[in-house]
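To start, the structure under review is shown below, and the notes come after it.
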Amino acid sequence: MQVYYKKCQYSVPALIGLKIWQDEIWLFTRRLLRAAKRYLKYGKSVVISMIVSAFFIFAFYKIGTPTGKYNSILDPIWEMKVFIMSTIVLVYSNTLCSKEQERHSALKAQYRKNYIYEYEIEQCLHDLCELICISFHFRVFLSESHVAKFESIIHGMSDDYTPLLKKEDQKVREILNNLDAAVTLISEYLTPSALVNSCDYDELSDAIFDIRKFIREERLNMNNDNTINVSTIVALMQSIINTCYHSIAILRRPWRAQNDFRKNQEIRELLHEHGKMTEGLFDTTEYWY
């Protein structure tokens, strides 16, 4: 049985294919419902046009009634039907197009900022791993399972108190400076108008504040105690994960809705275990494993 997912075609057993179709239909209906909710929200702009139209209809009715032109309030409504409908449709269409364009632009900008921010944090972790000779693979923050896998690797060295060289000590300070620069990048971007609605501005502000507080505390600890060992680096990486992962999760929330992500992961797992790509340039399911 053939199924399509993320611009690729896969060959899967029939029962697996039906399950994937069911999940894809669910995801599609969820997107439709979210779009319908947005479109209804845009409809508020039509209310003003309807109020203005109602005012003119009532005025014309009052003027036309004494002359015998109108016998019922329905008469001026029918006479102005083209004007009313065209006004409402025009206002709503303009609002819908402009709002959706704004949302699309905001999503692209937010995705780009999150990509850079996530990469810079992972680069900091990569540099710290090099100091204590741990093999590092990017995409640590891809999902909670990837975070847990990385944590299990570094925890194996949490009891190692081998001191670092002086030049490595300076490298740690540089890494903290790079982390601070990444946070500054997001802070400059952090305005309510720049974020898509499903991304909570206040929650993200609190997360950024926690990261800055953590960086200040780490710098203070390094100034008070010049001894940095492997265990210190492991604790530093764990703190980076604890503070930064929350902010990343908030930034990518518009395209990582919890239920949608769970369904997509189910599809990827089914395709990874039971499917074979028969058409497409890149098997996206391999990216997650």
Side-chain angles (χ1 to χ4, degrees), residues 109-144 146-192 194-195 199-253:
Q110 190 168 319
Y111 182 88
R112 184 168 57 253
K113 291 291 184 181
N114 177 72
Y115 180 84
I116 297 172
Y117 177 59
E118 187 173 336
Y119 173 80
E120 291 297 333
I121 295 173
E122 287 192 336
Q123 187 63 53
C124 292
L125 292 175
H126 170 268
D127 294 342
L128 289 170
C129 284
E130 281 191 334
L131 293 178
I132 57 177
C133 301
I134 293 180
S135 178
F136 181 83
H137 299 282
F138 283 90
R139 303 199 304 270
V140 171
F141 298 109
L142 189 60
S143 68
E144 291 183 2
H146 288 77
V147 172
K149 182 179 180 180
F150 180 71
E151 287 177 330
S152 67
I153 294 173
I154 63 174
H155 283 171
M157 304 185 70
S158 58
D159 296 327
D160 188 342
Y161 298 98
T162 305
L164 271 65
L165 300 176
K166 190 66 177 179
K167 63 178 182 179
E168 294 172 332
D169 177 278
Q170 182 59 35
K171 181 64 176 178
V172 174
R173 297 176 188 273
E174 292 176 4
I175 292 171
L176 283 175
N177 290 337
N178 293 338
L179 180 62
D180 192 21
V183 175
T184 300
L185 173 71
I186 291 300
S187 299
E188 293 173 350
Y189 172 72
L190 190 60
T191 60
L195 300 173
C199 182
D200 192 300
Y201 169 77
D202 293 330
E203 187 180 0
L204 185 56
S205 299
D206 292 341
I208 295 298
F209 175 82
D210 290 340
I211 299 172
R212 289 194 177 280
K213 180 181 177 182
F214 148 71
I215 294 174
R216 287 195 301 268
E217 290 175 349
E218 287 298 328
R219 283 172 171 165
L220 183 62
N221 291 337
M222 292 182 67
N223 291 333
N224 294 336
D225 184 5
N226 293 325
T227 304
I228 298 179
N229 53 45
V230 173
S231 178
T232 306
I233 298 300
V234 171
L236 177 58
M237 286 194 287
Q238 184 62 64
S239 297
I240 291 175
I241 292 171
N242 292 342
T243 54
C244 295
Y245 183 56
H246 182 50
S247 60
I248 291 172
I250 298 170
L251 269 173
R252 67 188 182 192
R253 189 174 293 165

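In this text, all values refer to a predicted model and were calculated from it rather than measured experimentally. Positions are given from 1 along the sequence.
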> Which residues pass the ring pair (Phe, Tyr, Trp, His ring centres under 6.0 Å) test with Phe214, sequence neighbours left out?
Replying inline: none
> Between Cys124 and Leu179, which heavy-atom pair has the shortest distance, and what is it?
Replying inline: SG-N, 3.7 Å
> If you look at every heavy atom in Tyr245 and Ser143, which pair is closest and at what distance?
Replying inline: OH-C, 3.7 Å
> Are any of the side-chain heavy atoms of Arg173 and Gln170 separated by less than 4.5 Å?
Replying inline: yes
>> Go through it in stages, so that I can follow the logic: the residues are Thr184 and Arg212, the test is side chain to side chain contact (heavy atoms under 4.5 Å, CB included), and I'd like the CA-CA distance, side-chain angles, deciding distance and then a yes or no.
In response: CA-CA 9 Å; Thr184 300; Arg212 289 194 177 280; 3.3 Å; yes
>> Applying side chain to side chain contact (heavy atoms under 4.5 Å, CB included) to Ser247 and Ile186, what does each step give before you reach the verdict?
In response: CA-CA 10 Å; Ser247 60; Ile186 291 300; over 6 Å; no
> Distance from Ile240 atom CD1 to Ile121 atom CD1, nearest 0.5 Å?
Replying inline: 8.5 Å
>> Test side chain to side chain contact (heavy atoms under 4.5 Å, CB included) on Leu251 and Lys113; report intermediate values, then the result.
In response: CA-CA 9 Å; Leu251 269 173; Lys113 291 291 184 181; 5.9 Å; no
> Is there a donor-acceptor pair closer than 3.5 Å between any side-chain N or O of Asn221 and the backbone N or O of Glu217?
Replying inline: yes
>> How long is the straight-line distance from CG of Asp180 back to CD of Glu120, given to the nearest 0.5 Å?
In response: 12.5 Å
>> I'd like to know if the side chain of Asn242 and the backbone of Gln238 have a donor-acceptor N/O pair within less than 3.5 Å.
In response: yes
>> With a 6.0 Å cut-off (strictly less than), is the heavy-atom count around CZ of Phe136, excluding the residue itself, greater than 12?
In response: yes
>> I need the Asp210 CG to Ser205 OG distance, nearest 0.5 Å.
In response: 11.0 Å
>> Does His155 form a side chain to side chain donor-acceptor pair (under 3.5 Å) with Ser152? I'd like the steps, not just the answer.
In response: CA-CA 5 Å; His155 283 171; Ser152 67; over 6 Å; no
> Shortest non-hydrogen contact from Leu128 to Ile233?
Replying inline: O-CG2, 3.8 Å
> Looking only at side chains, do Arg253 and Asn114 share a donor and an acceptor under 3.5 Å apart?
Replying inline: no
> Roughly how far, to the nearest 0.5 Å, is the CG atom of Leu220 from the CD1 atom of Ile215?
Replying inline: 13.5 Å
> Shortest non-hydrogen contact from Ile241 to Glu151?
Replying inline: CG2-OE2, 3.7 Å
> With sequence neighbours left out, which residue pairs that include part of residues 122-135 fulfil the salt bridge (Lys or Arg N to Asp or Glu O under 4.0 Å) condition?
Replying inline: none
>> I need the Ser231 OG to Ile154 CD1 distance, nearest 0.5 Å.
In response: 10.5 Å
> Rounded to the nearest 0.5 Å, what separation is found between the CE atom of Met237 and the CG atom of Leu131?
Replying inline: 9.0 Å
> Which pair of heavy atoms, one from Leu125 and one from Val140, lies closest together, and at what distance?
Replying inline: CD1-CG1, 4.5 Å
> Is any side-chain heavy atom of Asn177 less than 4.5 Å from a side-chain heavy atom of Arg219?
Replying inline: yes
>> Using every non-hydrogen atom in the two residues, find where Leu142 and Glu118 come nearest and quote the distance to one decimal.
In response: N-OE2, 4.3 Å
> For Phe209, what residues pass the ring pair (Phe, Tyr, Trp, His ring centres under 6.0 Å) criterion, not counting sequence neighbours?
Replying inline: none
